[in-house]
Amino acid sequence: MDVPFWLWLAVLGGIVAMLAVDLFAHRRAHVIGVREAAAWSAVWVALGAGFGAWVWAAYGAEYGQQYYAGYLIEKSLAVDNVFVWAIVFTFFAVPREYQHRVLFYGVLGALVLRGAFIAGGAALIENFSWVLYLFAAFLLVTGWRMLRQRDEHVDPSRSRTLRLFRRLVSMTDAYHGQRFLVRRGGVLLATPLLAVLVLVEVTDVVFAVDSIPAIFAVTDEPFLVFTANAFAILGLRAMYFLLADLIHRFVYLKTGLALVLMWVGVKMLLKVDLFYVPTTVSLAVITTILAVSVWASLRATRGQGRRAVEAPAEAPFRTATEEELAAVEPLWRRRGRARTPA
């Protein structure tokens, strides 16, 4: 697949422009409702699907199908990531009007980190073809472990990331609006919102370790791997606000994701020396597994409405009082002595 440098620049420029539009649209803190989240989700899915249609038209059906297979894998694995975010936000009692800000910077960091992972993975595969065996074995083991632990959920109270952050960084015990940092008594302090952002970034790194090898199983084109990841990630914020209250309904989704990981692991093993599974077949298998798992989940939980994740009896952080907010000093101080008014 011959991708000119200007096309890479155009795609990166388009991603930056979309992030800027999203940031401008949500510049004011507010609670994002289901209708707004559904509208934005439709926009992001349309952009991702439209880009795949362009790839299909410009580079042919094979590359178009590889993009869609990768996009579908990343989007489905992202749903599990969304559910983890819902648990984290609920446990740490993050006000709903500030959650989008955390997710915006979380997605921005995820794009950078995954770009680095993809570049590293592509370089490894190009120079050491035997690494495909490691990727395949890792996917099979991860899928099997996910299948066995499908009923287990993340426990934020045991987060080693949070414990390490609190040990290394001085922080307040209260949220100060959308601020990640505040200055109080001349001391620069992190707010709990920054701690939650770090935890969101760490969880995405963990998920990327699964998803990046999985997408390399359906395409070895770095351009397709990156764009499928990028368009899937860009819609994560809207997907979160759309699905966060529906975790209890996707009871078989983790089983479906485990089977998808195991399938692409088998596909990668066959691809190395034995047999190349056509992309059409792979795309059909992935679509069928995910569709059946979602259908079975919704059927098993029909009649159940939206329900927020159960919050702990006592949250580790609180919202700052008016007096505490008023005591906050300017974040960045100018050097030199301030002039005394005449």
Side-chain angles (χ1 to χ4, degrees), residues 3-27 40 43-45 47-48 51 67 70-71 73-82 84-85 88-89 94 98-126 131 135 159 161-162 164-165 168-169 178-181 190-191 193-216 219-240:
V3 180
F5 183 67
W6 66 264
L7 184 55
W8 276 99
L9 292 179
V11 168
L12 292 174
I15 291 173
V16 172
M18 287 184 284
L19 286 170
V21 169
D22 187 44
L23 182 62
F24 178 80
H26 299 92
R27 62 191 182 280
W40 276 102
V43 169
W44 294 121
V45 170
L47 288 171
F51 185 82
Y67 168 85
Y71 178 79
I73 289 173
E74 295 301 320
K75 202 71 172 176
S76 58
L77 289 172
V79 175
D80 201 28
N81 204 354
V82 162
V84 171
W85 289 349
V88 169
F89 283 157
V94 181
Y98 307 146
Q99 292 176 4
H100 183 275
R101 182 174 176 84
V102 174
L103 294 181
F104 177 85
Y105 287 104
V107 166
L108 189 61
L111 285 171
V112 175
L113 291 173
R114 293 196 181 208
F117 286 168
I118 291 167
L124 283 174
I125 292 173
E126 183 177 355
V131 80
F135 282 0
S159 173
T161 300
L162 181 63
L164 181 62
F165 182 86
L168 298 178
V169 181
Q178 295 193 89
R179 298 175 180 177
F180 292 115
L181 297 168
T191 70
L193 210 61
L194 182 59
V196 174
L197 174 60
V198 171
L199 192 57
V200 166
E201 292 288 6
V202 170
T203 58
D204 184 75
V205 170
V206 173
F207 277 94
V209 171
D210 296 340
S211 65
I212 299 302
I215 195 172
F216 271 115
T219 179
D220 54 6
E221 294 292 339
F223 182 74
L224 298 182
V225 175
F226 175 75
T227 52
N229 256 278
F231 280 103
I233 291 173
L234 284 172
L236 275 183
R237 296 177 306 285
M239 184 188 294
Y240 166 77

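- Separation of atoms CG (L199) and CZ (F165) is listed at 10.5 Å; rounding is to 0.5 Å.
- For L47, the side-chain contact (heavy atoms from CB on, under 4.5 Å) partners at least two apart in sequence or on another chain are M18, V43, W44, F231.
- The closest side-chain heavy-atom distance from L19 to F104 is below 4.5 Å.
- With a 4.5 Å cut-off on side-chain heavy atoms, N229 and I212 count as touching.
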Please list, one pair per line, the donor and acceptor atoms closer than 3.5 Å that link side chains of residues 232-240 to other protein atoms, with sequence neighbours excluded.
from : atom 1 : to  : atom 2 : distance (Å)
R237 : NE     : D22 : OD2    : 2.7
R237 : NH2    : D22 : OD2    : 2.4
Y240 : OH     : Q99 : OE1    : 3.0

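- Using a 4.5 Å heavy-atom threshold, the side chains of Y67 and E221 count as separate.
- Under the rule for a side chain to side chain donor-acceptor pair (under 3.5 Å), the partners of T219 that lie at least two apart in sequence or sit in another chain are Q66.
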After noting the C-alpha distance and the side-chain angles of V94 and W85, does the key distance pass the side chain to side chain contact (heavy atoms under 4.5 Å, CB included) rule? CA-CA 11 Å; V94 181; W85 289 349; over 6 Å; no
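- Contact annotation: the side chain of V200 never approaches that of Y105 to less than 4.5 Å [non-hydrogen atoms, C-beta and beyond].
- For residues 226-235, no pair satisfies salt bridge (charged side-chain N to carboxylate O under 4.0 Å, His left out), with sequence neighbours left out.
- Shown here for G106 and L197, the closest heavy-atom pair between the two residues is N-CD1, 3.6 Å.
- The two residues L181 and T191 make their nearest non-hydrogen contact at N-CG2, 4.2 Å.
- In this structure, the side chains of V198 and V169 stay at 4.5 Å or more apart for every pair of heavy atoms.
- I118 approaches P222 most closely through the heavy-atom pair CG2-O, 4.3 Å.
- Separating the CZ atom in F216 from the CG atom in L124 is a distance of 9.0 Å, to the nearest 0.5 Å.
- Annotation: the span from L103 atom CG to F89 atom CZ amounts to 4.0 Å, rounded to 0.5 Å.
- Under a cut-off of 6.0 angstrom, the local environment of CZ in R179 is sparse, with at most 12 non-hydrogen atoms contributed by other residues, nucleotides or ligands.
- By the side chain to side chain donor-acceptor pair (under 3.5 Å) test, E74 pairs with R114, S211, sequence neighbours left out.
- Residue D204 comes nearest to A110 through the heavy atom pair OD2-CB, 3.1 Å, listed as atom of the first residue, atom of the second, then distance.
- Listed by chain and residue number, M1, V3, L7, W8, V11, F51, T227 satisfy the side-chain contact (heavy atoms from CB on, under 4.5 Å) test with F223 (two or more places apart in sequence, or in another chain).
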